[in-house]
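We number each residue from 1, following the sequence as shown. Every value quoted in this text rests on a predicted model; they were computed, and no experiment measured them.
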Amino acid sequence: MSKFLLRSVAAAALIVFAAPSWAQNFSADVLSQNIRTISADDFEGRYPGTEGERKTLEWLQAQYEAMGLEPGAPDGQWLQRVDLQTLSANSQNTALVRIGGADAITVGTADGLVLRAMNEAGTADVDNLPLVFAGYGISAPERGWDDYGDADLTGKIVVVVNGSPSFGSPYRTFFAQDDYKADEAFRRGAKGLIIIAKTNAERSLGGRQRTIRLSPGTPELAVRGWMTPELAQGWGISADDLEHLDDAAATVRDLGVTLSTTIREEVSTLTTYNLIARLTGTEFPDETVIFSAHWDHVGVDSDHAVGEDNIFNGMWDNASGTVGVVEMAKQFADNGPSKRTVIFLHATAEEMGLLGTYAYTANPVYPLETTVADINIDMLPLSGPTRDVPIFGYGQNTLEDMLDVLAKAEGRYVSDDGQPEQGFYYRSDHFPFARAGVPALMPWHGVDWIDGGIEAGKAAWHARFGRVYHKPSDEWSEDLDFTSAVENLTLIYRLGRELADSRVWPEWKSTSEFGQVRARSDAARADRR
């Protein structure tokens, strides 16, 4: 841990203990009734671009107008427009590949290669570009790993392997994701990226031909592709190369292979909206603390049999988080403005791949370099009181240290989510902020129940998750217990208020993959501490 990080944690703890005791009166009954409203059948599962979206956004706007908050979207509006692009392959895309100066051969899906033009134009015109191999395609100096070094990738297509070293943790890292590999290749000047699917379980090349919804802010690579290890061997990447990837970082090498292709995707656009409310800060209005939650769910299933429930109401996921953010805003409004500006972001299209928040971070209304933190609420806990406050991404940043101080004052403790196989840190709206370098936190469901302990808490959580997650049965009922929701919201409010009334800038911890992204904007915060 760096000296600066130690100072940040210590300062956070002092501020938590020294701050005034702000009143909070989160009401389980108010949560329940408002969640009931927006998860009712007439909201049609809140799918983007439908009548359900219109009703949800109207309800949200009315809530914020009633509490006197300002519109926080561009041009003094409540809504931030989000245009979502869908790419559909016209046909199986092929490439002309030349190996070592030999005659070009046509390579396509049948040979183990899928190529897509995953950019806003949906086009690729690649002419005789050289291919280089870069191992996993990871640059993580904080973990002693760098596959790229000082290699110049300008105008080249980079071939990498999916996945990453374990780095000694059962929790996945962003380094393993295709999007990270695309980000890093693009940042270094590459024109394209091809990923080798290393194992049979990961070899889903056929699926890559399906329709793809493009994430806003996707790196504008000319071409992205996936290939089999067998094809890679013909291009100079041996089975031994793949077998020993975890032994040490790679050294970028030219494969002596060039690739040419022309791709034209069919592009369609769905327009939807984020809703943003603002409580302007009194002393540092250009510094922002963001609370976020996605308002959308998955809509109506027209394929259900007649007489079956076909509305995916999304009470838990995420009417609960949506109302949680609204109630958070009411607490801030009741207690008066803080020194920093507080933003309440209701994001669209989370269920499509976090797309509303990706749109925000690609076109931020408030600069990301002076965004203090994002605190995300997705699926409020529904149980009696708990001792634990699990979070996604435990060990990532100092927000958890601040939260832990607050939790311990209540006889509780912060822990990890306990499910490394789920990859939860990459599955909700805090993650696009983290990917953009903004410290982000998402509290989750406690399972260490005051009444019954961990055994009872885990059993109940797994039972509920299996019974209702992304199913029509995720509906409101009178017997829902919002005790733990009120507990968590109270802690999150206190954390948010501390951030909004302090000069603390939360930091990524020394081994986090997101610290190097945040560091690129350090100068913007240098005189703000």
Exercise. Apply salt bridge (charged side-chain N to carboxylate O under 4.0 Å, His left out) to D179 and list each qualifying residue two or more places apart in sequence or on a separate chain.
Key: R224, R435

Quiz prompt | Sequence-distant partners of D103, side-chain hydrogen bond (donor to acceptor under 3.5 Å, both in side chains), two or more places apart | solution = none

Exercise. May I ask you to decide if G52's main-chain N or O and T56's side chain share a donor-acceptor pair within less than 3.5 Å?
Key: yes

Practice problem: If a pair satisfies salt bridge (Lys or Arg N to Asp or Glu O under 4.0 Å) and one of its residues is in residues 77-97, list it, with sequence neighbours excluded. | Solution: R81-D83

Quiz item: Quick one: ring-ring contact (aromatic ring centres under 6.0 Å, His included) partners of F291, sequence neighbours excluded?
Solution: F332, F344

Self-check item: Qualifying salt bridge (Lys or Arg N to Asp or Glu O under 4.0 Å) pairs, either residue in residues 236-260, two or more places apart
Solution: D241-R253

Self-check item: Pairs flagged by salt bridge (Lys or Arg N to Asp or Glu O under 4.0 Å) wherever residues 261-275 is involved - sequence neighbours left out
Solution: R116-E265, D125-R264

Quiz prompt | side-chain hydrogen bond (donor to acceptor under 3.5 Å, both in side chains) partners for D147, two or more places apart | solution = W145

Practice problem: Apply side-chain hydrogen bond (donor to acceptor under 3.5 Å, both in side chains) to T371 and list each qualifying residue two or more places apart in sequence or on a separate chain. | Solution: T288

Exercise. Check the side chains of Y366 and R278 for a donor-acceptor pair under 3.5 angstrom, ignoring hydrogens and angles.
Key: yes

Self-check item: All salt bridge (charged side-chain N to carboxylate O under 4.0 Å, His left out) counterparts of R427, not counting sequence neighbours
Solution: none

Practice problem: Could you list the residues that satisfy side-chain hydrogen bond (donor to acceptor under 3.5 Å, both in side chains) with E287, not counting sequence neighbours? | Solution: R340, R503, R528

Quiz item: By salt bridge (charged side-chain N to carboxylate O under 4.0 Å, His left out), which residues pair with R188, not counting sequence neighbours?
Solution: E184

Exercise. Go through the structure and list residues passing salt bridge (charged side-chain N to carboxylate O under 4.0 Å, His left out) with D127, not counting sequence neighbours.
Key: none

